[in-house]
Amino acid sequence: MTVILHISDTHIVPDGALVSGRLDSAGALAQLVKRISGIRDQIGPVDGLLVSGDLSDDGSAESYARFKALVAPLDLPTYVIPGNHDARDPMRNAFAEGLPASGLLNWSRKVGDIHLIGLDTLVEGHGLGTLSSDCLTFLQDALSEAGGAPVLLALHHPPFACGIGFMDDIGLTNRDALRDVLADYSGALRIVCGHIHNMMVSDLVGHVAISSPSPCSTFAYDRRPDAHVGYMTQEDGCLLHRWDVGFQTIRIGPVAGSGPFPF
Ligand SMILES: [Fe+2]
């Protein structure tokens, strides 16, 4: 069995700052880490922490150092991919042991029984994401290397439209190209992402794609053309992906309710 804890879109800013002058993203992440630490015995062994982008809100070296300090209590090997708020080189410097020394931040690792693949969709200076031809070739090679073994594939921008207009406007530009690569893969494959600060589950050429919530904020699911553009504060937890006889995804909320009470 292999278990990956998946946190996304933490949007950490340097100490003393708030996101948009309002949102205490570091406090929200600290709350989630405390919640996870309190249920580690219940969850059982965890093999690694995957963070699917927007670790930082401003791409600063200070924000990455603060992020690392905030997740340090989890004491897990940490695998990161960039989101549109991240900056490639400060992120590379902060996670030098796990990221390529130059170029795109694509990587592939064997973790327990699965192949964990991370793809870099960042187009610096833009909210939207794209998979460059180098990225797609990297993915093709990594899937070949997996040889039919279970694959957990992570990218920041969802490979599906989410229905929230202002987020789809900054979505993945070439979803069809990703579909073309994945359509040929016959092994067990789960695609995971972030960006939209909502948990959604979509089909993708015969596989399942799941977006993670964010520990600090969310966007209303409002399909109306005149929907308000903005975020809501919401500590919305994270996900746990388990591979055993198949993939299974569990939602972890940031706040525990009271109980248990007898039936
Ligand atoms: Fe994002």
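The analysis underlying the following values was restricted to heavy atoms, covering all of them including side chains, and did not include hydrogens, waters or symmetry mates. As the structure lists them, so they are numbered: ligands from 1, and atoms in each ligand from 1.
Hydrophobic side-chain contacts under 4.5 Å tie Met199 into a cluster, directly or through other members, with Val201, Val208, Ile210, Leu239.
At most 12 heavy atoms of other shown residues, nucleotides or ligands fall within 6.0 angstrom of atom CG in Asp75. Under a cut-off of 6.0 angstrom, the local environment of CG in Asp203 is sparse, with at most 12 non-hydrogen atoms contributed by other residues, nucleotides or ligands.
Counting only protein atoms, the N, O or S atoms lying less than 2.8 Å from the Fe ion (ligand 1) are Asp54 OD2, Asn84 OD1, His156 NE2, His195 ND1, ordered by chain and residue number.
Sorted by first and then second residue, the side-chain hydrogen bond (donor to acceptor under 3.5 Å, both in side chains) pairs with a member in residues 19-46 form an empty list; sequence neighbours excluded.
When ring centroids are compared, His197 and His11 come within the 6.0 Å threshold.
With sequence neighbours excluded, the residues that form a ring-ring contact (aromatic ring centres under 6.0 Å, His included) with His6 are His241.
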